[in-house]
Number of protein chains: 2
Amino acid sequence: MGEMKNTARPASRSDIREENERLILDCAERVFAERGFGGATMQEIADRAGLPKANLHYYFMSKETLYRRVVERIFTIWLQAAEAFETSATPQIALSTYIARKMELSREYRYGSKVWANEVMQGAPIIQDYLEVTLRDWTETRIEVIRSWVAAGQIRPVDPRWLLYMIWATTQHYADFAHQI
Amino acid sequence: MGEMKNTARPASRSDIREENERLILDCAERVFAERGFGGATMQEIADRAGLPKANLHYYFMSKETLYRRVVERIFTIWLQAAEAFETSATPQIALSTYIARKMELSREYRYGSKVWANEVMQGAPIIQDYLEVTLRDWTETRIEVIRSWVAAGQIRPVDPRWLLYMIWATTQHYADFAHQI
DNA sequence: ATCAGAGTTGACCAAGCAGTCAAGATTGAT
DNA sequence: ATCAATCTTGACTGCTTGGTCAACTCTGAT
């Protein structure tokens, strides 16, 4: 009933997959955030999406696959915030826009942020491999930029790694501990 | 074999309970930290303690009971770090000793710290009630102290709540993200 | 020596879990 | 109209889980 000018309609056949995957990912993100990987159940995710459980397994092979997709999604959004490092003229601008953007994202993708923080806190037991490649490359690039700033005398000499973690930790908290703060 | 001058021996009958409870709590703390509440299993805790699972249930009624005891234990240790607020002469000393002590504890009780952070991050689903009484009282007292400092012109005027959370968040991170940092 | 109460434990159970499957519904292309 | 591919779903399975229980051992007091 009422399928006319509504925003989200069935859409052309090929879109149905994309649409359902997004719905499932959204719900999964919330459930994983609230219950952790071990505590989350496929049934609860299915219920929240209003789909039968078997349907989840049609789109995602396993619980772990679904979890990985959730983490990878939030992670790529994360990375986009780091573009400031390349596009900014000065370190001051780069850092402040990066921090601002990241905090914005932490609020916007509150649940994803939780899932991510959780995973990292427990030593990234599930996405270890993914991290070791992608994150290391990313970090190395960033470190090079910071190092060049130091060399050019644009900022005080600090351990680039330390600076990055410091920024990351601070911004992260605004999202993670929202409940308390 | 070899039960003589070893450090930890069976001990007098009444100590056996205390000793086993501590052993179980220690192991539970690690497992809960590594797997989360949902992901942890009584079996793994039992294995790590070298006891049959049924024995855990002799000392702790349920998984939830055990979890609560773990959280409450780390929490009371946490609170002790805050004594600095009462015993210190000036705000500067109070804050710096508090921070120092808390970071020390974060390192010492690394696993408990993780469990605690996890619980809080997920909105304290299990220990809500406990928090609402104990933590609120604690926070209120601390806020009063900070407020009196502001009134006496000893520190710049800040929202006491904000200052507390800021300190808490910062120290917390050193423990939580040890894996990355 | 004996005995009550604390501590120990293997075997067991019902519930809930991730994952499977085969039968059916829907749809776009012909 | 028909047909193949995509999508949907209730019913199922094998396994793991938290929790129970009754039989057992151990120990300190009498």
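These numbers were taken from a predicted model, which means no experiment stands behind them. Just so we're on the same page: letters track the sequence lines, and every chain starts at 1. Below, all heavy atoms of this structure are taken into account, side chains as well, without hydrogens, waters or symmetry copies.
Looking at B/R17 and B/E21, a side-chain N of the basic residue comes within less than 4.0 Å of a carboxylate O on the acidic one, giving a salt bridge. Taking the charged nitrogens against the carboxylate oxygens, A/R69 and A/E72 have no contact shorter than 4.0 Å, which rules out a salt bridge.
B/A28 meets the side chain to side chain contact (heavy atoms under 4.5 Å, CB included) test with B/F32, B/I45, B/L66, B/V70; sequence neighbours excluded. Every residue meeting the side chain to side chain contact (heavy atoms under 4.5 Å, CB included) condition with A/I74, not counting sequence neighbours, appears here in chain and number order: A/W78, A/Y109, A/W116. The side chain to side chain contact (heavy atoms under 4.5 Å, CB included) test applied to B/T90 returns B/Q92, B/I93, not counting sequence neighbours. Checked against side chain to side chain contact (heavy atoms under 4.5 Å, CB included), B/D26 has the following partners two or more places apart in sequence or in another chain: B/R22, B/R73.
Protein atom CD1 of B/I16 is 9 Å distant from nucleotide atom C1' of C/dA6, rounded to whole Å. Across the protein-nucleic acid pair, B/I24 atom CD1 and C/dT8 atom C1' stand 12 Å apart, rounded to whole Å. Remark: P of D/dC7 and CD of A/E18 are 12 Å apart, rounded to the nearest angstrom. Remark: P of C/dA6 and CG of B/D15 are 15 Å apart, rounded to the nearest angstrom.
With contacts defined as side-chain heavy-atom distances shorter than 4.5 Å, the pair B/R35/B/E44 qualifies.
The phosphate of C/dT8 has OP1 or OP2 within less than 4.0 Å of a side-chain N or O from B/N20. For A/R17 and D/dC7, the shortest distance from a side-chain N or O to OP1 or OP2 is below 4.0 Å.
Against DNA chain D, the stretch residues 62-70 of chain B makes heavy-atom approaches under 4.0 Å through B/S62, B/K63. Taking every heavy atom of residues 42-61 of chain A and every atom of DNA chain D, pairs under 4.0 Å involve A/P52, A/A54, A/N55, A/Y58, A/Y59, by number.
No cation-pi contact links B/R68 to B/F60, judged by a cut-off of 6.0 Å to the six-membered ring centre and 45° from its axis.
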